[in-house]
Amino acid sequence: MVLVGSHGEKDDSNEGTVVDFRGNPVDKSKTGGWLAAGLILGSELSERICVMGISMNLVTYLVGDLHISAAKSATIVTNFMGALNLLGLLGGFLADAKLGRYLTVALSASITALGVILLTLATTIPSMRPPYCDDYRRKHHECIEANGRQLALLYAALYTTALGGGGIKSNVSGFGSDQFDVADPKEEKAMIFFFNRFYFGISLGSLFAVIVLVYIQDNVGRGWGYGISAVTMVIAVVVLICGTPWYRFKKPQGSPLTVVWRVLLLALKKKNQPYPSHPSLLNDYDNRKVPYTPRFKFLDKAAILDDNCAANAEKNNPWLVSTVTHVEEVKMVIKLLPIWSTCILFWTIYSQMTTFTVEQATIMHRKIGSFVIPAGSFSAFLIISILLFTSLNEKLFVPLARKITHNPQGITSLQRIGIGLVFSVAAMVGAAIIEKERREIAVEKEVKISAFWLLVQFFLVGAGEAFAYVGQLEFFIREAPDRMKSMSTGLFLSTISMGFFVSSLLVSIVDHVTNRNWLRNNLNKGKLNNFYWLLAVLGFLNFLVFLIFASRHQYKMQLPIEPESGEKELKGLNGETIQDMEKKASLQAVGEVEP
């Protein structure tokens with residue numbers, strides 16, 4: 001079974017090669033499509049069940065059973081989620097460089113299953129918890145906090161899960177999208193809805209986790225809740241492997257980081273060399289696989305053929321001179337970074353839904369008749385909001401936008417991200433107002449208001465995530481070089497990771513600057529609303545910066561397979577033909593028109 005390419009540097013002639021599990025050219029009638037994509041996404045569905053089942057209710061276990069402070073518990077949760085998404089970069093690198101997406105997903109799913117099994121043991125074994133603390137001792141702050149030995153197994157379980165989850169997240173969407181041929185009009189149409197349906201499906205898994213698993217954790221036992229998660233992950237691994245004959249595989253093309261660093265080093269090494277009179281004089285210009293662009297022109301120097309390379313016929317040695325294709329791929333990666341930086345704060349705001357918002361729910365009225373809703377289960381309204389707006393996107397917003405803009409995408413990826421950022425700011429404004437009212441009523445009237453008031457922030461953040469997650473995922477996959485699809489997904493996941501780490505950093509800074517007056521174990525004595533206002537202001541400023549970067553971003557020019565008829569024209573996303581764009585770029589490069 002040929003699933004992995006050869007060792008070392010890959011030949012660009014194999015770039016984009018699609019094969020079946022035996023290494024033969026694919027039969028489109030027997031491989032790929034929605035069946036293959038559905039089997040693959042089962043891994044992400046199970047990963048989401050595991051991770052959401054952990055993150056949305058872990059803070060109540062840390063505070064209630066391990067007697068860890070609210071601020072420290074929030075940091076543990078956000079660091080776990082941050083590590084999980086940051087490790088997506090490692091998973092993406094391994095897939096693109098050596099293993100391929102299939103093997104990376106399979107191995108990562110197995111590691112995730114191991115991590116959740118360890119977590120089941122960590123929360124089940126009595127010696128892994130400190131002595132029980134009654135209400136009297138809790139009120140007088142006399143509870144014994146879990147020690148390092150008791151936390152060791154918990155941390156090992158969490159970060160094993162994070163290692164596996166990161167590998168799944170960075171590759172499963174790319175592997176799923178590999179099952180569609182964008183050169184085929186019918187499959188390209190299916191591809192347009194792939195990311196929306198992908199997110200809709202995993203949101204169903206999240207909903208199951210926050211309703212069913214959280215209830216089991218609180219009312220039956222943590223071990224049962226995490227044990228069910230482990231079983232679903234094992235089943236997902238089996239389903240993924242059984243579906244092997246139906247998948248389409250793209251061979252890894254060698255380390256994408258090697259290409260990036262090599263271009264940067266060669267450009268620096270040749271910084272004193274003059275630019276050629278025309279871009280067509282750059283190395284391998286005529287065989288380029290992507291259109292030439294004049295932006296970041298200093299990188300073009302990496303593809304300059306000096307006299308030594310030309311004389312010794314060493315233009316094929318990538319360590320002496322790059323090709324135009326590699327230079328343009330590095331330019332694509334650099335173009336992603338401004339948008340990447342402005343996506344971070346959305347996930348900082350989102351992280352509050354797994355920490356302080358859950359803490360708010362624990363001290364609010366949660367009864368419906370005699371039934372007490374678990375605090376962590378209120379996150380279900382976040383998922384319901386995501387499902388609602390994901391469905392509205394596909395059925396209403398996108399078709400309507402297509403009619404108005406005449407753009408096949410309807411809403412562009414950057415527009416989706418911008419809408420998501422607006423929703424996140426609105427969520428923090430609403431959260432701040434509600435928390436202020438909740439605290440005042442609780443302190444002055446000693447009355448608990450309904451936890452259903454938290455639906456405002458859950459609903460707005462969920463709506464924002466439905467736009468932002470799909471928009472970011474689509475942006476980073478579509479705008480990155482094809483050889484770096486998994487790495488670019490890892491880059492997207494790193495925005496989530498950085499968002500959680502920024503949350504941890506903000507909590508620490510605010511705790512220090514305010515002398516722990518804002519974020520206290522007893523929220524009635526703190527000022528959590530001020531923290532929410534801080535996030536709202538930062539989110540608004542971040543949105544303004546995003547608008548500047550988005551307005552300057554130039555979408556990647558699409559260069560499909562050469563059409564059989566010369567009458568067809570290749571076009572970029574703005575409708576301008578590739579030939580016209582390259583001609584304009586060439587003129588800009590030699591100074592005949594203003595850039």
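Within the 4.5 Å cutoff, the side chain of Leu523 has heavy atoms near those of the Glu359 side chain. Between Leu163 and Leu90 the shortest side-chain heavy-atom distance falls below 4.5 Å. Residues Leu541 and Val545 form no side-chain contact, since every pair of their non-hydrogen atoms from C-beta on lies 4.5 Å or further apart. Within the 4.5 Å cutoff, side-chain heavy atoms of Met233 are placed close to those of Ile168. Side-chain contact between Ile40 and Val105 is absent, with no heavy-atom pair separated by less than 4.5 Å. Using a 4.5 Å heavy-atom cutoff, the side chains of Val234 and Val231 are not in contact. Residues Leu414 and Phe549 have side chains not in contact (no heavy-atom distance under 4.5 Å, counting atoms from C-beta outward). Side-chain contact check for Ile368 versus Phe452: some heavy-atom pair is nearer than 4.5 Å.
In this structure, the separation between OG on Ser377 and CG on Leu213 is 9.5 Å, given to the nearest 0.5 Å. Taking CE of Met81 as the reference point, atom CG of Leu86 lies at 12.5 Å (rounded to 0.5 Å). From Leu538, atom CG reaches atom CE of Met428 across 11.5 Å, with rounding to the nearest 0.5 Å. Separating the OG atom in Ser127 from the CZ atom in Arg149 is a distance of 5.5 Å, to the nearest 0.5 Å. Taking CG of Leu493 as the reference point, atom CZ of Phe476 lies at 9.5 Å (rounded to 0.5 Å). Expressed to the nearest 0.5 Å, how far CH2 of Trp340 lies from CE of Met498 amounts to 5.0 Å.
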If you look only at distance, which donor and acceptor atoms sit under 3.5 Å apart when one is on a side chain in residues 41-49 and the other is two or more places apart or in another chain?
unit_1	atom_1	unit_2	atom_2	d
Ser46	OG	Gly42	O	3.1
Ser46	OG	Thr232	O	3.2
Arg48	NH1	Ser206	OG	3.4

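Legend: residues meeting ring-ring contact (aromatic ring centres under 6.0 Å, His included) with His553, ordered by chain and number and at least two apart, are Phe475, Tyr555. In this view, Phe543 satisfies the ring-ring contact (aromatic ring centres under 6.0 Å, His included) rule with no residue, not counting sequence neighbours. Taking Asn542 as the reference, nothing meets the side chain to side chain donor-acceptor pair (under 3.5 Å) condition, with sequence neighbours excluded. Under the side chain to side chain donor-acceptor pair (under 3.5 Å) criterion, Thr160 pairs with no residue at all, not counting sequence neighbours. Looking at residues two or more places apart in sequence or on another chain, you find a side chain to side chain contact (heavy atoms under 4.5 Å, CB included) between Ile433 and Val429, Trp533. Residues passing the ring-ring contact (aromatic ring centres under 6.0 Å, His included) test with Phe458: none are found, sequence neighbours excluded. In this structure, the side chain to side chain contact (heavy atoms under 4.5 Å, CB included) partners of Leu62, at least two apart in sequence or on a different chain, are Leu58, Leu66, Ile68, Ser73, Ile76, Val77, Leu154. With sequence neighbours excluded, the residues satisfying side chain to side chain contact (heavy atoms under 4.5 Å, CB included) with Phe397 are Phe389, Leu392, Asn393, Ile411, Phe467. Under the ring-ring contact (aromatic ring centres under 6.0 Å, His included) criterion, Phe356 pairs with Phe531, not counting sequence neighbours. Every residue two or more places apart in sequence or in another chain that forms a side chain to side chain contact (heavy atoms under 4.5 Å, CB included) with Leu473 is listed here: Ser173, Phe195, Phe198, Tyr469, Ile477, Thr489, Phe492. Applying the side chain to side chain donor-acceptor pair (under 3.5 Å) test to Asn85 and every residue at least two apart in sequence or in another chain returns nothing.
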Quick one, Arg416 with Ile419, criterion side chain to side chain contact (heavy atoms under 4.5 Å, CB included). Give me CA distance, side-chain angles, the key distance, then yes/no. CA-CA 5 Å; Arg416 291 177 190 265; Ile419 294 170; 5.8 Å; no
Steps toward side chain to side chain contact (heavy atoms under 4.5 Å, CB included) verdict (Phe500, Tyr350): CA-CA 8 Å; Phe500 280 99; Tyr350 171 86; 3.9 Å; yes
Could you check Ile548 against Leu544 for side chain to side chain contact (heavy atoms under 4.5 Å, CB included), going step by step and ending with a plain yes or no? CA-CA 7 Å; Ile548 295 172; Leu544 296 181; 5.8 Å; no
Test Gln457 against Thr357 for side-chain hydrogen bond (donor to acceptor under 3.5 Å, both in side chains), laying out the working first. CA-CA 9 Å; Gln457 59 219 61; Thr357 302; 3.2 Å; yes
Apply side chain to side chain contact (heavy atoms under 4.5 Å, CB included) to the pair Ile449 and His365, showing each step before the final yes or no. CA-CA 6 Å; Ile449 69 171; His365 183 72; over 6 Å; no
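With 3.5 Å as the limit, one finds a donor-acceptor pair spanning the side chains of Arg438 and Asn524. A donor-acceptor contact under 3.5 angstrom links the side chains of Thr60 and Asn57, judged on distance only.
Panel note: side chain Ser170, backbone Gly88; a donor-acceptor pair is recorded below 3.5 Å. Counting only distance, with no hydrogens or angles, the side chain of Asp511 and the backbone of Val507 share no donor-acceptor pair below 3.5 Å. For the pair Gln352 (side chain) and Ile349 (backbone), a donor-acceptor distance under 3.5 Å is absent. Judged purely by atom type and a 3.5 angstrom limit, His67 uses its side chain to pair as donor or acceptor with the backbone of Ile144. In this structure, Arg129 contributes its side chain and Thr123 its backbone to a donor-acceptor pair below 3.5 Å. Listed for the Thr348 side chain is a donor-acceptor partner under 3.5 Å among the backbone atoms of Gly499.
Minimum heavy-atom separation, Ala162 to Ala83: CB-C, 4.3 Å. Summarising the geometry of Asn529 relative to Glu435, their closest heavy-atom pair is N-CG, 3.6 Å, with the distance given to 0.1 Å. Nearest heavy atoms, Val358 versus Met353: CG2-O, 3.4 Å. Considering all non-hydrogen atoms of both residues, Ser424 and Leu421 come closest at OG-O, 2.6 Å. For Gly227 against Thr120, the heavy-atom pair with the smallest separation is N-OG1, 3.4 Å. Of all non-hydrogen atoms in Met364 and Ser450, the two that sit nearest each other are CE-O, 3.2 Å.
Using a 30° and 60° split on the angle between ring planes, Phe378 and Phe381 fall in the tilted class, from 30° to 60°.
Applying the side chain to side chain donor-acceptor pair (under 3.5 Å) test between Asn79 and each of Ser497, Ser503, Ser504 identifies Ser504 as the sole match.
In Trp453, the CH2 atom is not crowded: 12 or fewer heavy atoms of neighbouring residues, nucleotides or ligands sit closer than 6.0 Å.
Look at Arg439 and Glu444 and you find no salt bridge, because none of the NZ, NE, NH1 or NH2 atoms lies under 4.0 Å from a carboxylate O.
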